[in-house]
Amino acid sequence: ELEGNVKKFYDYCKKMQMNDDKALLLSKYCNDVVAKLSQKEEWSKDDFVDEAFEGLVKVAHDIREEKEVLQAQYDLLKDHRRPLDIVKGNIEREAEIHARRRIFLMFYVIASQYVMVQYGTYILFSWDIMEPLTCGMTLGDAVFAYFFWMKTKSSYTLSGIFNHYYNKKKNKLARRENF
């Protein structure tokens with residue numbers, strides 16, 4: 001709680017629309033200068049300059065000490081956070097590997113369908129036999145995509161599938177690590 005001249009100077013600074021930190025700092029500085037100057041009956045311009053300079057040096061010293069304390073606290077928090085960052089990085093890496101495997105599995109399924117259609121059409125059978133099979137595979141893919149969307153509310157695109165499996169695995173690993 002501010003009292004006396006500090007409160008008066010603070011209120012004036014706030015009236016001038018200064019933010020709280022600057023207003024508090026300036027009001028303490030002004031109060032120190034006024035307190036030192038009020039101890040003398042008379043004072044010259046040099047006295048004022050000396051007292052103002054001493055006040056600024058005191059403020060700079062206080063700010064430096066506060067900065068050093070804050071820097072030490074920041075470094076301590078960073079040191080405490082470092083193991084959590086390592087755990088988070090491991091979780092994200094494992095989740096990405098899992099999601100990429102799912103994408104590659106999807107690629108292999110699509111590639112095997114393509115190879116089976118080409119092999120059946122040009123080597124084993126003819127298009128007349130393969131056409132109903134390709135319709136069935138296409139319908140199966142569409143049904144699978146629809147069920148995927150119904151279950152996950154994610155789009156059936158590479159990014160949608162990747163994001164779904166990535167987030168699912170990441171959340172599971174985070175729960176397991178109590179993260």
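When reading the values below, keep in mind they use all heavy atoms of this one structure, side chains included, and skip hydrogens, waters and symmetry mates.
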Using the side-chain hydrogen bond (donor to acceptor under 3.5 Å, both in side chains) criterion, which residues pair with [X]? Sequence neighbours excluded.
X	answer
N90	R93
K14	D20
T134	none

Euclidean distance, [Y] [atom2] relative to [X] [atom1], rounded to 0.5 Å:
X	Y	atom1	atom2	result
Y165	M106	OH	CE	10.0 Å
T152	N167	OG1	CG	11.0 Å
C135	L139	SG	CG	8.5 Å
C30	K8	SG	NZ	10.5 Å

Which heavy atom of [X] sits nearest to which heavy atom of [Y], and what is that distance?
X	Y	answer
A145	Y156	CB-CD2, 3.2 Å
M130	V117	CE-CA, 3.8 Å
E96	F162	CG-CZ, 4.0 Å
S154	G160	CB-O, 3.9 Å
I103	L158	CD1-O, 3.5 Å
F9	S27	CB-CB, 3.5 Å

Under 4.5 Å between side-chain heavy atoms, counting indirect links through other Ile/Leu/Val/Met/Phe/Trp/Tyr residues: same cluster for [X] and [Y] or not?
X	Y	answer
V87	I97	no
I86	F179	no
I161	Y166	yes
W149	F147	yes
I63	M18	yes

Discussion item. One pair to check against side-chain contact (heavy atoms from CB on, under 4.5 Å): Y74 and Q71. What are the steps and the verdict?
Written reply: CA-CA 5 Å; Y74 174 73; Q71 184 65 41; 3.7 Å; yes

Item to complete: Just grab all the salt bridge (Lys or Arg N to Asp or Glu O under 4.0 Å) pairs involving residues 159-179, residues at least two apart or on different chains.
Response: none

Fill in: Inter- and intrachain pairs under salt bridge (Lys or Arg N to Asp or Glu O under 4.0 Å), touching residues 57-76, at least two apart
D32-K58, K58-D62

Practice prompt. Give a yes or no on whether K153 atom NZ has more than 12 heavy-atom contacts from other residues, nucleotides or ligands under 6.0 Å away.
Written response: yes

Worksheet item: Does a sphere of radius 6.0 Å around CZ in F107 hold more than 12 heavy atoms from other residues, nucleotides or ligands, not counting ones at 6.0 Å or beyond?
Response: no

Practice prompt. Taking the side chain as every heavy atom from C-beta outward, state whether F148 and H164 have any pair of such atoms under 4.5 Å apart.
Written response: yes

Show which side-chain atoms of residues 122-129 pair as donor or acceptor with protein atoms under 3.5 Å away, not counting sequence neighbours.
none

Worksheet entry | Salt bridge flag under 4.0 Å for residues K7 and D11 | yes

Discussion item. E92 vs L173, test: side-chain contact (heavy atoms from CB on, under 4.5 Å). Steps then yes/no.
Written reply: CA-CA 9 Å; E92 288 175 346; L173 291 171; over 6 Å; no

Fill in: Stepwise side-chain contact (heavy atoms from CB on, under 4.5 Å) check, L25 with K22
CA-CA 5 Å; L25 182 67; K22 289 181 181 178; 5.7 Å; no

Worksheet entry | Heavy-atom donor-acceptor pair, Y29 side chain to A52 backbone, under 3.5 Å | yes

Discussion item. Show, in sequence, the C-alpha distance, side-chain angles and deciding distance for D79 and R82, and conclude whether the salt bridge (Lys or Arg N to Asp or Glu O under 4.0 Å) test is met.
Written reply: CA-CA 5 Å; D79 289 342; R82 191 168 291 126; 3.1 Å; yes

